[in-house]
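Written below as structure tokens is the structure these notes are about.
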Amino acid sequence: MRLLSFDIEDRMRFIGYYQIVGGIIGIFGTLGLFIDEHALGGLHILFYALGFSLFSFSIYCGNLLRKTELKGLTLSFWNQAVQILQFCIFSIAFSYFSGARISFGFEWTESFGPDIIFSISSFSVKYTPHHTDEFYLYINIVPIIIISYLIKLEEDFEKRKQLLELD
């Protein structure tokens, strides 16, 4: 009996390809923004490097899952965990999602406004010390679903491993 069933391998590959495609779309989107940037300072370059790194990490995690390597489950978990929360608190903002985004949350500017956002692969980091009245918080449900799927995959793998040890 094989350690990984064909079902587990197929589910790992599905998530893997999802992360690879999301990472590639994100790299091209970030590259487009980088090319259109008129003035690049040190902080801008750092933020773009972070964006390229995160999307590259998504591709790496996806490739591990595509090759059905178990290390890919743990790394993919962390890749998805970083994508759950998008926020702007006073002068600092962070948003990263590689693949689909269905976010629920709110913006609190002059009034409180709940919102739903749909989009695909994006990255944003913002630091604006002179603009401190912006506040928003969004939770992306897509990585939460993927994390639960990854946990289920790991549980299925552990059950299969225990069955093999009993034989």
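Everything numeric here is computed off the predicted structure, so don't read it as measured data.
One hydrophobic cluster, built from ILVMFWY side chains closer than 4.5 Å, cannot hold both L50 and I25; they sit in different ones. Residues M12 and V142 fall within the same hydrophobic cluster, defined by Ile, Leu, Val, Met, Phe, Trp and Tyr side chains chained together at heavy-atom separations under 4.5 Å. Criterion: ILVMFWY side-chain heavy atoms under 4.5 Å apart, direct or through other members. Under it, F157 and I146 are part of a common hydrophobic cluster. One hydrophobic cluster, built from ILVMFWY side chains closer than 4.5 Å, holds both F118 and I141. At a threshold of 4.5 Å between side-chain heavy atoms, the hydrophobic network of Ile, Leu, Val, Met, Phe, Trp and Tyr places I120 and L33 in two separate groups.
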Problem set entry | Worked check of side-chain contact (heavy atoms from CB on, under 4.5 Å) between Y127 and L43 | CA-CA 9 Å; Y127 176 68; L43 198 55; 4.0 Å; yes
Problem set entry | Full working for side-chain contact (heavy atoms from CB on, under 4.5 Å) between I117 and F97 | CA-CA 12 Å; I117 299 174; F97 44 96; over 6 Å; no
Problem set entry | L46 vs V125, side-chain contact (heavy atoms from CB on, under 4.5 Å): CA-CA, chis, key distance, verdict | CA-CA 10 Å; L46 178 67; V125 175; over 6 Å; no
For this session: Just do the ring-ring contact (aromatic ring centres under 6.0 Å, His included) check on F123 and F47 with the steps written out, would you?
Result: CA-CA 9 Å; F123 171 78; F47 289 162; 7.9 Å; no
For this session: Show the numbers, then the answer: is there a side-chain contact (heavy atoms from CB on, under 4.5 Å) between S122 and R101?
Result: CA-CA 9 Å; S122 181; R101 172 188 185 195; 6.0 Å; no
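With contacts defined as side-chain heavy-atom distances shorter than 4.5 Å, the pair E154/F77 does not qualify. Side-chain contact between S98 and F57 is absent, with no heavy atoms from C-beta onward closer than 4.5 Å. Side-chain contact between D156 and R11: present, with at least one pair of heavy atoms (C-beta onward) separated by less than 4.5 Å. D115 is not listed as a side-chain neighbour of F106, based on a closest heavy-atom distance of 4.5 Å or more.
Aromatic ring pairs are classed by plane angle as parallel below 30°, tilted from 30° to 60° and perpendicular above 60°; the pair F52 and F34 is perpendicular.
Of all heavy-atom pairs spanning I139 and I144, the tightest one is CG2-CD1, 3.8 Å. Shown here for L85 and F94, the closest heavy-atom pair between the two residues is O-CD2, 4.2 Å. Taking all atoms of both residues into account, the shortest heavy-atom contact from G72 to L65 is C-CD2, 3.5 Å. Heavy atoms only, all atoms of each residue included: Y138 and S103 are closest at CB-CB, 3.9 Å. Here the closest heavy-atom approach between residue G22 and residue S121 is recorded as O-OG, 2.7 Å.
Residue D36 holds its CG atom at 9.5 Å from CG of L31, rounded to the nearest 0.5 Å. How far CG of N63 is from OG of S56: 12.0 Å, rounded to the nearest 0.5 Å. Put simply, CZ on F104 and CG on L137 are 13.5 Å apart, with the number rounded to the nearest 0.5 Å. Here I15 contributes atom CD1 and L153 contributes atom CG; the two are 5.0 Å apart, rounded to the nearest 0.5 Å. The CD1 atom of I84 sits 8.0 Å away from the CG atom of N140 when rounded to the nearest 0.5 Å. Rounding to the nearest 0.5 Å places CG of L64 at 6.0 Å from CG of L75.
Judged by distance alone, with hydrogens and angles left aside, the side-chain atoms of Y136 form no donor-acceptor pair with the main-chain N or O of A93 at under 3.5 Å. Between the side chain of S95 and the main chain of Q86, no donor-acceptor pair closer than 3.5 Å is present.
In this model, no donor atom of one side chain and acceptor atom of the other lie less than 3.5 Å apart for Y60 and Q19. Side-chain contact check for Y96 and N79: at least one donor-acceptor pair (N or O, by modelled atom type) lies under 3.5 Å.
Other residues, nucleotides and ligands contribute over 12 non-hydrogen atoms within 6.0 Å of the CZ atom of F87. Applying the 6.0 Å contact sphere to CZ of F28 captures no more than 12 heavy atoms from other residues, nucleotides or ligands.
The only member of L73, T74, T68 that meets side-chain contact (heavy atoms from CB on, under 4.5 Å) when paired with L70 is L73.
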